[in-house]
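Keep in mind the model is a prediction, meaning the values are calculated, not measured. For the single chain, residues carry numbers from 1 onward in sequence order.
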Amino acid sequence: MRVETNMLIVTFIITVILGFIIIPILRKLKVGQIERDDGPQSHLKKQGTPTMGGIIMIVAMILMVTGAYLFLSIQGQNETANRLIPMLILTLGFGVIGFIDDFIKLVLKNTKGLKPSHKMLGLLLISVIYVVYLVQGLHIGTETYIPILKIYINIPIYFYIPFGIIVILATTNAINLTDGIDGLSSSVSAIIITCLTVIGMMSGMKEISVFGSIVIGAVLGFLMFNLHPAKVFMGDTGSLLLGGVISAIALYLKMPLLLIVIALIPVLETLSVMIQVMYFKKTGKRFFKMAPLHHHFELLGWKESKVVIIFSILTLILCVIGLKII
């Protein structure tokens with residue numbers, strides 16, 4: 001526990017230092033936010049705010065996971081050290097795809113960004129590699145925990161691999177949709193990752209407790225610059241990265257179904273978009289004032305800070321419930 005706490009604190013400090021270095025560079029390069037004309041009018045003043053801030057978390061994670069790898073190796077915990085790498089590669093892979101998308105949009109000034117087919121192909125490829133590695137490389141099996149019932153069920157491998165891939169893609173998309181107002185995605189993600197890290201500690205999985213602690217430190221450090229009024233946005237670079245972290249740890253713990261509970265806010269954000277689209281196609285009217293869900297509450301008169309606080313408190317409560325039902 002002491003090692004994890006120290007890693008969290010050091011990662012937090014490194015992330016804050018990187019923030020002071022990288023944000024001015026992004027500002028100088030004019031890598032600024034492009035707000036939708038059909039979005040909440042209050043967001044138009046955010047136009048030009050430095051984006052691609054997920055780079056800050058990526059650099060901090062690379063530095064700290066490398067440090068953790070060396071530390072654990074010196075301590076003779078080679079197996080734990082080696083198991084950090086696949087999770088880092090998955091999350092960085094998603095972060096890189098998000099970075100390419102952001103780079104095309106913000107630096108090359110192509111508002112369409114990375115082609116959806118290319119983006120999905122990249123995410124799919126990384127997801128397949130990770131799930132196959134878990135099953136065939138680490139031999140963790142296809143057991144999946146059923147919350148409430150508190151039992152494991154064995155899923156046939158030809159069902160489990162597609163299931164695992166869907167979990168990763170759905171999670172990254174949900175976190176991406178949650179990233180719409182200052183500090184929301186980072187706050188909600190930090191709480192979810194903390195919950196998963198605690199489960200890793202309870203299960204005696206050192207690699208999860210170390211990796212999770214590093215990510216928590218990075219997200220909290222980034223949050224110092226991302227709270228309202230945000231000095232930087234994470235962009236797809238950060239949101240896809242965090243979605244990758246959450247799904248990677250959940251699958252590693254064999255508890256992807258727990259995300260339905262502890263990540264209910266991102267789930268509802270996704271459902272709100274699906275409902276909005278389907279309802280509009282059938283009736284020509286909007287079910288919500290605006291989707292994703294956080295924009296609906298904004299247009300009801302909630303301030304951004306209120307949305308973040310309420311959604312974060314709900315996520316915290318859901319995570320406590322999640323810990324109770326496992």
Q. Does Leu114 offer a backbone N or O that forms a donor-acceptor pair with the side chain of Asp101 under 3.5 Å?
A. yes
Q.
For the backbone of Ile155 and the side chain of Thr142, can you confirm whether one donor and one acceptor N or O come within less than 3.5 Å of each other?
A. yes
Q | Candidate list Glu207, Gln77, Glu79, test side-chain contact (heavy atoms from CB on, under 4.5 Å), partner Leu72, passing option | A | Gln77
Q. What pair of heavy atoms forms the shortest contact from Gly180 to His294, and how long is it?
A. CA-NE2, 3.4 Å
Q: Going by the side-chain contact (heavy atoms from CB on, under 4.5 Å) test, name the single residue among Leu90, Val135, Ile168, Ile165 that passes it with Leu251.
A: Ile168
Q. If you measure from the Lys or Arg side-chain nitrogens to the Asp or Glu carboxylate oxygens, is any gap between Lys289 and Glu298 under 4.0 Å?
A. no
Q) With side chains defined as the heavy atoms from C-beta onward, is the minimum distance between Leu241 and Phe99 less than 4.5 Å? A) no
Q) Are any side-chain N or O atoms of Ser187 and backbone N or O atoms of Leu184, one a donor and one an acceptor, separated by less than 3.5 Å? A) no
Q) Hey, are the side chains of Val167 and Val131 touching, using non-hydrogen atoms and a 4.5 Å cut-off? A) no
Q. Are Met57 and Leu242 side-chain neighbours, meaning at least one heavy-atom pair lies under 4.5 Å?
A. yes
Q. Tyr252 and Phe211: aromatic ring centres closer than 6.0 Å?
A. no
**Q.** More than 12 heavy atoms from other groups under 6.0 Å of NZ on Lys119
**A.** yes
Q | Distance-minimising heavy-atom pair for Leu223 and Ser186 | A | CD1-OG, 3.0 Å
Q. To the nearest 0.5 Å, how far apart are CD1 in Ile249 and CD1 in Ile192?
A. 11.0 Å
Q.
Parallel, tilted or perpendicular: which one describes the rings of Trp302 and Phe297, with boundaries at 30° and 60°?
A. tilted
**Q.** Nearest atoms (heavy-atom pairs only) where Met201 meets Ser213
**A.** CE-OG, 4.1 Å
Q: Drop me the distance from Lys306's NZ to Phe311's CZ, to the nearest 0.5 angstrom.
A: 11.0 Å
Q. When hydrophobic residues are tied together by side-chain contacts of less than 4.5 Å, even through go-betweens, does Leu271 share a cluster with Leu300?
A. yes
Q) Are the side chain of Thr91 and the backbone N or O of Leu88 linked by a donor-acceptor pair below 3.5 Å? A) yes
**Q.** Under 3.5 Å donor-acceptor, Gln276 side chain and Phe287 backbone
**A.** yes
**Q.** Interatomic spacing from CG in Leu264 to CD1 in Ile317 - rounded to 0.5 Å
**A.** 11.5 Å
**Q.** ILVMFWY clustering at 4.5 Å (side-chain atoms), partners of Leu125
**A.** Ile129
Q.
Do Ile146 and Phe159 land in one hydrophobic cluster if side-chain heavy atoms of ILVMFWY residues count as linked below 4.5 Å?
A. yes
Q. Does a side-chain heavy-atom distance below 4.5 Å link Ile326 with Met202?
A. yes
Q | Under 3.5 Å donor-acceptor, Thr51 side chain and Thr49 backbone | A | yes
Q) Would Val198 end up clustered with Ile191 when hydrophobic side chains under 4.5 Å apart are linked, directly or stepwise? A) no
**Q.** side-chain hydrogen bond (donor to acceptor under 3.5 Å, both in side chains) assessment of Asp182 paired with Asn226
**A.** CA-CA 6 Å; Asp182 299 0; Asn226 189 228; 5.6 Å; no
Q: Nearest 0.5 Å please: distance from the CG atom of Leu220 over to the OG atom of Ser189.
A: 11.0 Å
(Q) Quick one, Ile208 with Leu196, criterion side-chain contact (heavy atoms from CB on, under 4.5 Å). Give me CA distance, side-chain angles, the key distance, then yes/no. (A) CA-CA 8 Å; Ile208 294 296; Leu196 292 171; 5.9 Å; no
Q. Is the shortest heavy-atom distance from the side chain of Met234 to the side chain of Ser185 under 4.5 Å?
A. yes
Q. Looking at residues at least two apart in the chain, or sitting in another chain, which of them share a ring pair (Phe, Tyr, Trp, His ring centres under 6.0 Å) with Phe163?
A. none
Q | Shortest non-hydrogen contact between Val132 and Ile161, atoms and distance | A | CG2-CD1, 4.2 Å
Q.
Quick check on the hydrophobic clustering: are Ile89 and Ile58 connected, directly or via other members, by side-chain heavy-atom contacts under 4.5 Å?
A. no
(Q) Please determine whether side-chain contact (heavy atoms from CB on, under 4.5 Å) holds for the pair Met120 and Leu169, giving the CA-CA distance in whole Å, both sets of side-chain angles, and the decisive distance to 0.1 Å. (A) CA-CA 9 Å; Met120 181 54 66; Leu169 296 178; 4.2 Å; yes
Q: Report yes if some heavy atom in the side chain of Leu257 is under 4.5 Å from a heavy atom in the side chain of Pro147; otherwise report no.
A: yes
Q) Do any N or O atoms from the side chain of Tyr279 and from the backbone of Lys285 form a donor-acceptor pair under 3.5 angstrom? A) no
**Q.** Minimum heavy-atom distance Gly54-Phe222, with the two atoms named
**A.** N-CE1, 4.4 Å
Q. Do Phe233 and Met52 have side-chain heavy atoms sitting under 4.5 Å apart?
A. no
Q: Tell me, with the steps shown, if Ile260 and Val267 meet side-chain contact (heavy atoms from CB on, under 4.5 Å).
A: CA-CA 7 Å; Ile260 297 173; Val267 170; 5.5 Å; no
Q: Enter the distance from Leu134:CG to Arg83:CZ here, rounded to the nearest 0.5 Å.
A: 9.5 Å
Q. Does the side chain of Met7 reach to within under 4.5 Å of the side chain of Ile214, using non-hydrogen atoms?
A. yes
Q | Side-chain donor or acceptor of Ser203 paired with backbone N/O of Met205 under 3.5 Å | A | no
Q: Provide the full list of ring-ring contact (aromatic ring centres under 6.0 Å, His included) pairs with a residue in residues 132-153, sequence neighbours left out, each pair given once.
A: Tyr145-Tyr152
Q) When clusters are formed by joining ILVMFWY residues with side-chain heavy atoms under 4.5 Å apart, either directly or through shared neighbours, do Phe20 and Val10 land in the same one? A) yes
Q: Starting at CZ of Phe71, measure out to OG1 of Thr80 and round the result to the nearest 0.5 Å.
A: 11.5 Å
Q. What pair of heavy atoms forms the shortest contact from Leu293 to Glu269, and how long is it?
A. N-OE1, 2.9 Å
Q | Check: Asp102 side chain, Asp236 main-chain N or O, donor-acceptor pair, under 3.5 Å | A | yes
Q.
Show, in sequence, the C-alpha distance, side-chain angles and deciding distance for Glu143 and Ile153, and conclude whether the side-chain contact (heavy atoms from CB on, under 4.5 Å) test is met.
A. CA-CA 5 Å; Glu143 286 183 330; Ile153 61 168; over 6 Å; no
(Q) Using a 3.5 Å distance criterion without hydrogens, assess whether the side chain of Asn176 forms a donor-acceptor pair with backbone atoms of Thr172. (A) no
